2 protein chains.
Amino acid sequence: MEPRKLTRNQALVLETLTQAEAPLSAYTILDKLRDHGFRAPLQVYRALEKLTEFGIVHRLESLNAFVACTHPHDHGPEKGVIAFAICEDCGQVSEISDPEIEDRLALLATRRRFTTEKTTIEMRGHCGNCTAA
Amino acid sequence: MEPRKLTRNQALVLETLTQAEAPLSAYTILDKLRDHGFRAPLQVYRALEKLTEFGIVHRLESLNAFVACTHPHDHGPEKGVIAFAICEDCGQVSEISDPEIEDRLALLATRRRFTTEKTTIEMRGHCGNCTAA
DNA sequence: ATCAATTGCGTTATGCTATAACGTGTGGCA
DNA sequence: TGCCACACGTTATAGCATAACGCAATTGAT
Ligand SMILES: [Zn+2]
Ligand SMILES: [Zn+2]
Ligand SMILES: [Zn+2]
Ligand SMILES: [Zn+2]
């Protein structure tokens, strides 16, 4: 699932997300890429699907939006649970990888005989910068 | 924020969710209530908004759907984090309240000077029944 | 080189999810 | 009685996501 080489559309979508300072919706990405020939939502969604598979873009479920991965170390598609702290004011998103959370959720699932395929953890609130101000 | 007494629309929406065996989208609820006079999405969304405030209905972000609260003990709107285990096969949703998870997330947030307003935790996977079968 | 299979691409159309804006009616209360 | 808060009904619109079709480029054998 490693990205051999990104296609043109994938690279454009990734670049747009990387330059953004907050999560972007698929339609916002589309608007930003109209000058580069994008015309239809599917062009964006198809690129996002691949980038998400590669693990270099994340979808934020509580926002219906997407961010480029800013994780310190690389992580593929199945390399553990990621928690997101999302600032409601400035849109800043920080990724948190924490084995304790992961282990605890795994235990809770096992106790209930639940087999987890995918875990979503999203904290909405206010980052330090926005609280100080 | 306690529910004084539910309005007719709120009661109908809650009853629909309670009888369902899986999360329902707002539009599915609308369809089920057409015989009771519901005509427009807003009638459903307005009821859901209140029921969610009351803490007796939960929104599942990863599904864009809603469930009636099945929590063993009552919980109001701000009574702690709830994790959901959602079966992809049968739709069964189980609510998990775990102080350890809560404390750990609180710690991780504090470390980053992040003030959490709302936390979403959703595990997608397969329940015991569906795995056994 | 050639063929077949895979993958990406572009387009049109459609479906699903959610809210804005406006007006009406009802009940509680000063 | 007059006011206010709140629920309600309706229409319209905004925002998010995918189905289905056919073509083009790439790959990787033979
Ligand atoms: Zn990441
Ligand atoms: Zn901020
Ligand atoms: Zn509950
Ligand atoms: Zn199940």
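Every chain is numbered from 1 and lettered A, B, ... according to where its sequence line falls, protein lines coming before strand lines. This is a predicted model, so every value here is computed, not measured. Every heavy atom of this structure was used, including side-chain atoms; hydrogens, water molecules and symmetry mates were not.
- When the P atom of dA14(D) is taken as reference, atom CG of Asp31(A) falls 14 Å away, rounded to whole Å.
- Look at Glu102(B) and Arg104(B) and you find no salt bridge, because none of the NZ, NE, NH1 or NH2 atoms lies under 4.0 Å from a carboxylate O.
- Dashed line: the shortest gap from a side-chain N or O of Thr7(A) to OP1 or OP2 of dC9(C) is under 4.0 Å.
- Ion pairing of Arg124(B) with Glu122(B) is absent here, as no side-chain N (NZ or NE/NH1/NH2) approaches a carboxylate O to less than 4.0 Å.
- Looking only at side-chain heavy atoms (C-beta outward), Leu107(B) and Asp103(B) stay at 4.5 Å or farther from each other.
- The interatomic distance linking Lys50(B) (NZ) with dA5(D) (P) rounds to 14 Å, in whole Å.
- Following rounding to the nearest Å, Lys5(A) (NZ) and dT27(D) (C1') show an atom-to-atom distance of 15 Å.
- A side-chain donor-acceptor contact under 3.5 Å links Ser25(A) and Thr28(A).
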Glu49(A) and Arg46(A): salt bridge (Lys or Arg N to Asp or Glu O under 4.0 Å), yes or no, with the steps? CA-CA 5 Å; Glu49(A) 183 182 4; Arg46(A) 290 203 272 231; over 6 Å; no
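- Going from atom CG of Asn9(A) over to atom P of dA25(D) covers 14 Å, rounded to whole Å.
- Per the geometry, NE2 belonging to His36(B) stands 18 Å off C1' belonging to dC8(D), to the nearest Å.
- In this structure, the side chains of Ile29(B) and Leu48(B) come closer than 4.5 Å at one or more pairs of heavy atoms.
- Look at CZ on Arg39(B): it is 12 Å from C1' on dT11(D), rounded to the nearest Å.
- In terms of position along DNA chain D, the nucleotide closest to Arg8(B) lies nearer the 5' end than the nucleotide closest to the other residue of the pair Arg8(B) and Ala40(B).
- A close approach under 4.0 Å does occur between a side-chain nitrogen or oxygen of Gln43(A) and OP1 or OP2 of dG10(C).
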B/S/- contact track for nucleotides 20-28 of chain C, protein heavy atom under 4.0 Å: BB-------
Which pairs, protein N/O on one side and nucleotides 15-17 of chain D N/O on the other, fall under 3.5 Å?
residue, atom, partner, partner atom, Å
dA17(D), OP1, Arg59(A), NH1, 2.9
dA17(D), OP1, Arg59(A), NH2, 2.4
dA17(D), OP2, Tyr45(A), OH, 3.1
dA17(D), O5', Tyr45(A), OH, 3.4
dA17(D), N7, Tyr27(A), OH, 2.7
dA17(D), N6, Tyr27(A), OH, 3.2

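- Under the side chain to side chain donor-acceptor pair (under 3.5 Å) criterion, Asn129(B) pairs with no residue at all, not counting sequence neighbours.
- Listed by first and then second residue, the ring pair (Phe, Tyr, Trp, His ring centres under 6.0 Å) pairs that reach into residues 80-113 of chain B are His58(B)-Phe84(B), sequence neighbours excluded.
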Chi angles and distances behind the side-chain contact (heavy atoms from CB on, under 4.5 Å) call for Lys50(A), Thr52(A): CA-CA 5 Å; Lys50(A) 288 300 180 185; Thr52(A) 300; over 6 Å; no
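- The CD-P distance, from Glu53(B) to dC6(D), rounds to 11 Å in whole Å.
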Begin with the C-alpha distance, continue with both residues' side-chain angles, and end with the deciding distance and a verdict on side-chain contact (heavy atoms from CB on, under 4.5 Å) for Lys32(A) and Leu24(A). CA-CA 10 Å; Lys32(A) 288 179 180 290; Leu24(A) 300 181; 4.2 Å; yes
Could you go through Thr16(B) and Val13(B), starting from their C-alpha distance and side-chain angles, then the distance that decides it, and tell me whether this counts as side-chain contact (heavy atoms from CB on, under 4.5 Å)? CA-CA 5 Å; Thr16(B) 303; Val13(B) 167; 5.6 Å; no
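- Contact check for Leu12(A) versus Phe38(A): side-chain heavy atoms found under the 4.5 Å cut-off.
- The number of heavy-atom neighbours closer than 6.0 Å to CZ of Arg39(B), taken from other residues, nucleotides and ligands shown, is 12 or below.
- For DNA chain D, none of the residues of residues 11-22 of chain A falls under the heavy-atom distance limit of 4.0 Å.
- With contacts defined as side-chain heavy-atom distances shorter than 4.5 Å, the pair Thr18(A)/Thr70(A) does not qualify.
- Taken over five-pair windows at either terminus, the axes of the helix from dA1(C)-dT30(D) to dA30(C)-dT1(D) are inclined to one another by 30° (rounded to 10 degrees).
- If you take CZ of Phe38(B) and P of dT10(D), they are 11 Å apart, rounded to a whole angstrom.
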